[in-house]
Participant: 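Take this structure, written in structure tokens, and hold onto it; I'll ask about it next.
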Amino acid sequence: MKAIHYILLMTVMILTSCADSPDLIQAVNMDKVGFWHGLWHGIISPIAFVVSLFSENTAIYAIYNNGIWYDFGFILGIGGFTRSVSNNK
């Protein structure tokens with residue numbers, strides 16, 4: 001039963017992990033993203049990393065962020081993922 005939950009979770013994350021990569025001109029004109037976007041980008045960063053290996057239009061970090069709050073959310077998102085992986089012993 002536990003395996004089904006992990007498969008379902010990974011399927012949802014793969015289907016919802018859309019991390020775009022705007023160029024610098026577009027990023028300047030975009031609304032700045034904050035804590036919640038950083039948290040989400042941190043959570044999907046392992047999947048976004050794999051996708052970015054095959055696609056030039058995918059990034060794992062938003063350059064159009066508002067600074068410290070985005071970074072804080074990003075680190076928390078990555079930390080939550082690494083903790084869930086380390087508890088699977």
Side-chain angles (χ1 to χ4, degrees):
M1 189 66 170
K2 210 172 190 185
I4 292 172
H5 290 281
Y6 288 121
I7 291 170
L8 180 62
L9 177 66
M10 291 305 293
T11 302
V12 168
M13 288 182 70
I14 288 170
L15 293 176
T16 61
S17 63
C18 300
D20 63 341
S21 179
D23 62 17
L24 187 59
I25 302 298
Q26 290 174 330
V28 169
N29 297 323
M30 295 178 84
D31 291 334
K32 304 295 184 220
V33 294
F35 174 79
W36 295 109
H37 282 91
L39 182 68
W40 178 246
H41 289 163
I43 291 169
I44 67 168
S45 63
I47 295 166
F49 172 71
V50 172
V51 173
S52 73
L53 295 175
F54 303 103
S55 172
E56 293 180 4
N57 297 326
T58 304
I60 61 172
Y61 187 84
I63 59 172
Y64 51 95
N65 65 66
N66 67 358
I68 189 85
W69 285 111
Y70 177 85
D71 294 341
F72 182 62
F74 191 83
I75 295 298
L76 285 179
I78 289 176
F81 175 76
T82 56
R83 180 173 175 126
S84 68
V85 170
S86 67
N87 286 341
N88 289 334
K89 292 181 179 181

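Along the sequence shown, residues are numbered consecutively beginning with 1.
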Participant: My understanding is that only residues two or more places apart in sequence, or in another chain, count here; which of them pass side chain to side chain donor-acceptor pair (under 3.5 Å) with Asn66?
Facilitator: none
Participant: What distance do Asp71 atom CG and Leu76 atom CG have between them, rounded to the nearest 0.5 Å?
Facilitator: 11.0 Å
Participant: Rounded to the nearest 0.5 Å, what separation is found between the CG atom of Leu39 and the CD1 atom of Ile75?
Facilitator: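 Taking CG in Leu39 and CD1 in Ile75, the distance rounds to 11.5 Å.
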Participant: Considering residues at least two apart in sequence or located in another chain, which fulfil the ring-ring contact (aromatic ring centres under 6.0 Å, His included) criterion with Phe74?
Facilitator: Tyr61
Participant: Of all heavy-atom pairs between Ile60 and Ser45, which one has the smallest distance, and what is that distance?
Facilitator: CG2-O, 3.8 Å
Participant: For the NZ atom of Lys32 and the OH atom of Tyr70, what is their distance to the nearest 0.5 Å?
Facilitator: 12.5 Å
